[in-house]
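Along the sequence shown, residues carry numbers from 1.
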Amino acid sequence: MKNPVCWVVLTGISIAFIQQGLPVRSQGESQSDNKQMDNITIRQGETLFLSCSQGDFVTHTAWLNRSSILYAGEDKWSVDPRVSLVTLNQDEFTIKIEDVDLTDEGQYICAVQTSSRPRTTSVHIIVQVPPKIVNLSKDLVVNEGSNVTLMCLANGKPEPAIVWRMLSPSDDSLGSDNEVLEIPFISRYRAGVYECTAANDIAVDTQTVELTVNYPPSVSDGRDVGVTLGQRGVLECEADAVPEADFEWYRDDRRIFNGFDGIEIEDAGALSKLTFFNVSEADYGNYTCVAINKLGSANTSIVLYGPGAVQDGNSGTSTVFTPTCLLLIVLLQLLLKF
């Protein structure tokens with residue numbers, strides 16, 4: 001048993017030391033002096049020093065945390081390794097608590113017994129905790145048109161404020177000042193990285209969520225290509241889709257495969273190329289590119305034409321004017337003069 005000649009008796013917030021053989025003062029005799037110090041605010045993880053003045057003729061001293069004795073004189077009663085004695089003399093009684101945590105918050109009392117009467121000094125410790133995001137929505141993959149809810153929960157003291165914003169691509173119009181961010185009927189343009197920020201007077205914690213929006217392919221209008229016989233010709237097809245589209249090429253109703261009749265098909269992300277290394281008369285005609293993913297498909301037509309064809313824009317169709325057609329046009333113009 002530690003310090004067998006000294007006990008501490010707590011009655012409410014009053015503290016008196018009873019020395020073995022020392023008579024206890026009755027009510028009406030000299031009362032203890034109680035002093036309340038200003039609150040001390042400290043951040044979690046920092047080191048706390050608690051000190052009180054002694055004065056002359058001190059016989060016993062103690063530091064207490066609520067109902068637990070930390071130190072009685074030089075004797076350590078606390079089993080917490082973070083607590084240690086710094087100074088104990090006629091002028092000062094100081095202890096140290098390292099790596100302060102939220103559980104250390106509360107009232108501390110320094111009790112001093114002099115030759116005439118006891119004296120107590122109390123102080124309330126407030127522990128501030130930096131914010132920490134403890135529950136965040138996982139990265140999401142949704143289909144276009146879905147309703148999306150992002151959640152961000154954080155701990156801290158003072159209670160942190162939560163802010164959501166669209167980080168990449170940056171969009172200040174989309175955000176929230178609370179734990180939940182609601183995005184109804186999400187479009188492909190709302191895909192990106194979203195940032196949750198938890199902030200209080202101590203610090204800031206940030207984490208991100210990546211939101212992927214799936215949507216069916218849309219294909220750019222095909223650009224018709226004119227190539228001389230024997231030359232190299234390339235038809236290009238570009239599709240916007242998430243997930244990326246797979247491409248198929250057709251000549252009329254017949255699918256074209258890579259290596260078919262010396263034709264090469266090369267897919268690279270959103271672009272597919274159909275390459276003719278030695279264009280022949282039989283290669284001229286209409287080709288269809290089809291882009292497909294799990295949500296749908298889209299297609300466009302592209303014409304490969306030779307020097308004798310005149311293109312009608314990029315519509316994927318061609319009109320060929322033969323010498324006979326030209327003769328009929330000339331005759332028609334002559335008849336209209338008469």
Side-chain angles (χ1 to χ4, degrees), residues 138-148 150 166-171 173-174 183-194 208-228 231-280 282-306 309-320:
K138 304 295 183 183
D139 291 346
L140 289 177
V141 179
V142 298
N143 292 338
E144 192 170 38
S146 301
N147 296 326
V148 175
L150 299 180
M166 190 174 183
L167 184 64
S168 176
S170 179
D171 187 349
S173 66
L174 186 62
I183 311 175
F185 306 107
I186 192 166
S187 72
R188 65 193 68 184
Y189 307 107
R190 296 302 191 189
V193 178
Y194 289 77
T208 58
V209 176
E210 185 170 1
L211 184 56
T212 301
V213 179
N214 291 333
Y215 53 90
S218 59
V219 180
S220 303
D221 290 339
R223 182 176 295 277
D224 299 341
V225 176
V227 182
T228 304
Q231 299 299 309
R232 183 175 179 269
V234 179
L235 306 184
E236 293 187 351
C237 178
E238 188 172 4
D240 179 26
V242 175
E244 283 188 344
D246 296 321
F247 292 92
E248 295 178 359
W249 285 91
Y250 292 85
R251 170 74 183 272
D252 299 325
D253 294 330
R254 183 180 58 174
R255 183 175 177 182
I256 302 171
F257 294 94
N258 195 27
F260 176 81
D261 288 344
I263 298 174
E264 179 183 84
I265 298 175
E266 180 184 4
D267 297 338
L271 183 66
S272 180
K273 294 181 180 181
L274 183 69
T275 302
F276 304 83
F277 292 97
N278 184 9
V279 172
S280 66
D283 293 326
Y284 294 138
N286 186 65
Y287 293 82
T288 301
C289 168
V290 181
I292 306 167
N293 71 6
K294 63 182 181 180
L295 297 181
S297 64
N299 65 79
T300 187
S301 294
I302 305 173
V303 174
L304 179 69
Y305 61 93
V310 177
Q311 286 307 103
D312 181 17
N314 292 323
S315 62
T317 61
S318 63
T319 304
V320 179

How many angstroms lie between atom [atom1] of [X] and atom [atom2] of [Y], to the nearest 0.5 angstrom?
{"X": "D283", "Y": "R251", "atom1": "CG", "atom2": "CZ", "result": "7.0 Å"}
{"X": "E144", "Y": "L295", "atom1": "CD", "atom2": "CG", "result": "9.0 Å"}
{"X": "T208", "Y": "D139", "atom1": "OG1", "atom2": "CG", "result": "7.0 Å"}
{"X": "T288", "Y": "D252", "atom1": "OG1", "atom2": "CG", "result": "8.0 Å"}
{"X": "E248", "Y": "C237", "atom1": "CD", "atom2": "SG", "result": "11.0 Å"}
{"X": "D246", "Y": "S297", "atom1": "CG", "atom2": "OG", "result": "11.5 Å"}

Taking all non-hydrogen atoms of both residues into account, name the closest pair between [X] and [Y] and its distance.
{"X": "D224", "Y": "V303", "value": "OD1-N, 2.9 Å"}
{"X": "N293", "Y": "A241", "value": "ND2-CB, 3.7 Å"}
{"X": "V219", "Y": "A291", "value": "CG2-CB, 3.8 Å"}

Under 4.5 Å between any side-chain heavy atoms of [X] and [Y], yes or no?
{"X": "V242", "Y": "V213", "answer": "no"}
{"X": "N147", "Y": "F185", "answer": "yes"}
{"X": "L211", "Y": "M166", "answer": "no"}
{"X": "P217", "Y": "I292", "answer": "no"}
{"X": "F276", "Y": "L235", "answer": "yes"}

For this session: Start with the C-alpha distance between Y194 and I183, add both sets of side-chain angles, then the distance that settles side-chain contact (heavy atoms from CB on, under 4.5 Å), and finish with yes or no.
Result: CA-CA 12 Å; Y194 289 77; I183 311 175; 3.8 Å; yes
Exercise. Between Y215 and D240, do the side chains contain an N or O donor and an N or O acceptor separated by less than 3.5 Å?
Worked result: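 Judged by distance alone, the side chains do pair up.
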Exercise. Looking only at side chains, do Y250 and R255 share a donor and an acceptor under 3.5 Å apart?
Worked result: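 Distance-only check fails for Y250 and R255.
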For this session: Please step through side-chain contact (heavy atoms from CB on, under 4.5 Å) for the pair R190 and D171, ending with a clear verdict.
Result: CA-CA 9 Å; R190 296 302 191 189; D171 187 349; 2.5 Å; yes
For this session: Give a yes or no answer on whether the side chain of N299 reaches the backbone of C289 with a donor-acceptor pair at less than 3.5 Å.
Result: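 Answer holds: no.
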For this session: Begin with the C-alpha distance, continue with both residues' side-chain angles, and end with the deciding distance and a verdict on side-chain contact (heavy atoms from CB on, under 4.5 Å) for N214 and V141.
Result: CA-CA 7 Å; N214 291 333; V141 179; 3.4 Å; yes
For residues 257-275, please give each side-chain donor-acceptor pair under 3.5 Å, one per line with the distance, not counting sequence neighbours.
unit_1: N258; atom_1: OD1; unit_2: I265; atom_2: N; d: 2.7
unit_1: D267; atom_1: OD1; unit_2: S272; atom_2: OG; d: 2.6
unit_1: S272; atom_1: OG; unit_2: W249; atom_2: NE1; d: 2.9

